[in-house]
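Working notes, structure below.
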Amino acid sequence: MRICVLTSALLLAACADDEPRTPEEPALDTGNIVGLYENDRGDRLCIAPTEDGAHKFAFVTLGAEPAACSGLGSVSRAGDRLRLELEGEERCSLDARLEDGQLSIPPTLADECAYYCSAGTSFAGRELIKTADGLLPLGEAEDLVGDPLCL
């Protein structure tokens with residue numbers, strides 16, 4: 001009997017991983033639009049709920065130094081489409097696509113959308129990936145002058 005127990009213990013030790021197991025990172029909730037979307041260019045867009053149950057967004061996209069785009073507005077969802085309505089002196093509306101946490105801005109935007117960008121840049125055709133869920137990470141995202149982007 002001791003031999004069976006000792007053999008079993010040796011087999012278990014031989015099959016065990018040498019690396020300790022770490023808890024897996026929770027999967028992002030790609031069905032919920034609230035969160036932070038980013039890319040490796042430094043572009044960021046955040047979506048947060050409003051008090052009335054709707055949603056708001058803010059974004060910053062970067063071009064060649066010092067060119068950039070930024071704005072904020074309201075957002076609504078219809079299936080895999082997000083309707084982004086920028087608030088400002090120029091009316092800019094666009095339908096972005098959201099699929100599996102990837103947000104795709106259309107490659108062509110209305111001329112009025114140029115109002116939200118400095119010369120030489122645009123946010124047309126940008127791709128952003130959802131990198132964080134919920135409101136807490138939104139406080140870490142900053143606009144062009146270092147203020148919170150979405151809160």
Side-chain angles (χ1 to χ4, degrees), residues 12-151:
L12 284 173
C15 294
D17 288 339
D18 291 336
E19 296 179 26
R21 295 186 184 254
T22 58
E24 290 184 28
E25 289 184 28
L28 290 174
D29 182 359
T30 58
N32 181 358
I33 64 172
V34 173
L36 181 63
Y37 300 78
E38 302 175 285
N39 64 23
D40 58 0
R41 297 174 57 160
D43 300 336
R44 30 197 193 279
L45 181 143
C46 57
I47 299 175
T50 60
E51 291 178 6
D52 63 359
H55 290 90
K56 64 180 180 177
F57 79 100
F59 77 97
V60 172
T61 58
L62 304 175
E65 190 77 31
C69 301
S70 65
L72 54 93
S74 61
V75 59
S76 58
R77 183 176 193 170
D80 68 347
R81 301 285 179 199
L82 294 183
R83 179 74 171 172
L84 304 172
E85 301 270 346
L86 286 154
E87 297 170 0
E89 291 188 29
E90 292 290 329
R91 181 169 171 78
C92 173
S93 300
L94 59 113
D95 289 323
R97 183 171 183 202
L98 180 61
E99 184 174 13
D100 296 327
Q102 181 170 331
L103 183 66
S104 302
I105 305 296
T108 305
L109 301 175
D111 291 342
E112 294 80 14
C113 295
Y115 170 83
Y116 298 92
C117 298
S118 54
T121 193
S122 171
F123 56 97
R126 301 294 172 111
E127 302 278 336
L128 301 114
I129 302 293
K130 189 173 190 183
T131 58
D133 279 322
L135 296 176
L136 185 59
L138 297 184
E140 298 171 7
E142 296 178 343
D143 66 11
L144 294 171
V145 295
D147 291 332
L149 180 63
C150 211
L151 298 178

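Computation of the quantities below employed the complete heavy-atom set of this structure, encompassing side-chain atoms and omitting hydrogens, waters and symmetry-equivalent molecules. For this chain, numbers begin at 1 and follow the sequence in order.
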Shortest non-hydrogen contact from [X] to [Y]?
X: Ser118; Y: Ala67; result: OG-CA, 3.1 Å
X: Tyr116; Y: Glu89; result: OH-N, 4.2 Å
X: Asp95; Y: Pro106; result: O-CG, 3.2 Å
X: Ser93; Y: Arg83; result: CB-NH2, 3.4 Å
X: Ala68; Y: Leu62; result: CB-CD2, 4.2 Å
X: Leu128; Y: Leu45; result: CD2-N, 4.2 Å

More than 12 non-hydrogen atoms from neighbouring residues, nucleotides or ligands closer than 6.0 Å to CG on Asp111, yes or no?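 Atom CG in Asp111 is not packed in, count stays at 12 or less.
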Arg91 atom CZ, neighbour heavy-atom count above 12 within 6.0 Å: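 Atom CZ in Arg91 is not packed in, count stays at 12 or less.
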Nearest 0.5 Å, please: how far is [atom2] in [Y] from [atom1] in [X]?
X: Ile129; Y: Asp100; atom1: CD1; atom2: CG; result: 9.5 Å
X: Arg126; Y: Asp43; atom1: CZ; atom2: CG; result: 4.5 Å
X: Glu99; Y: Arg81; atom1: CD; atom2: CZ; result: 9.0 Å
X: Ile47; Y: Leu84; atom1: CD1; atom2: CG; result: 7.0 Å

I'd like to know if the side chain of Lys130 reaches the main chain of Leu98, judged simply by a donor and an acceptor atom lying under 3.5 Å from each other, with no hydrogens or angles considered.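 No: the side chain of Lys130 does not pair with the backbone of Leu98.
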Do the non-hydrogen side-chain atoms of Asp143 and Leu149 ever get within less than 4.5 Å of each other?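 Side-chain contact under 4.5 Å: yes.
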Tell me, do Gln102 and Arg97 make a side-chain contact under 4.5 Å, heavy atoms counted?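 No. Closest side-chain heavy atoms not under 4.5 Å.
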Could you go through the side chain to side chain contact (heavy atoms under 4.5 Å, CB included) check for Glu87 and Leu72 one step at a time? CA-CA 6 Å; Glu87 297 170 0; Leu72 54 93; 3.6 Å; yes
Could you please spell out the steps behind the side chain to side chain contact (heavy atoms under 4.5 Å, CB included) verdict for His55 and Val34? CA-CA 8 Å; His55 290 90; Val34 173; 3.7 Å; yes
Determine whether the aromatic ring centres of residues Phe59 and Phe123 are separated by less than 6.0 angstrom.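 When the ring centroids of Phe123 and Phe59 are compared, they turn out to be within the sub-6.0 Å range.
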Taking it one step at a time, do Leu82 and Phe57 satisfy side chain to side chain contact (heavy atoms under 4.5 Å, CB included)? CA-CA 11 Å; Leu82 294 183; Phe57 79 100; over 6 Å; no
side-chain hydrogen bond (donor to acceptor under 3.5 Å, both in side chains): which pairs involve residues 58-70, sequence neighbours left out?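 Pairs touching residues 58-70 that pass the test: none.
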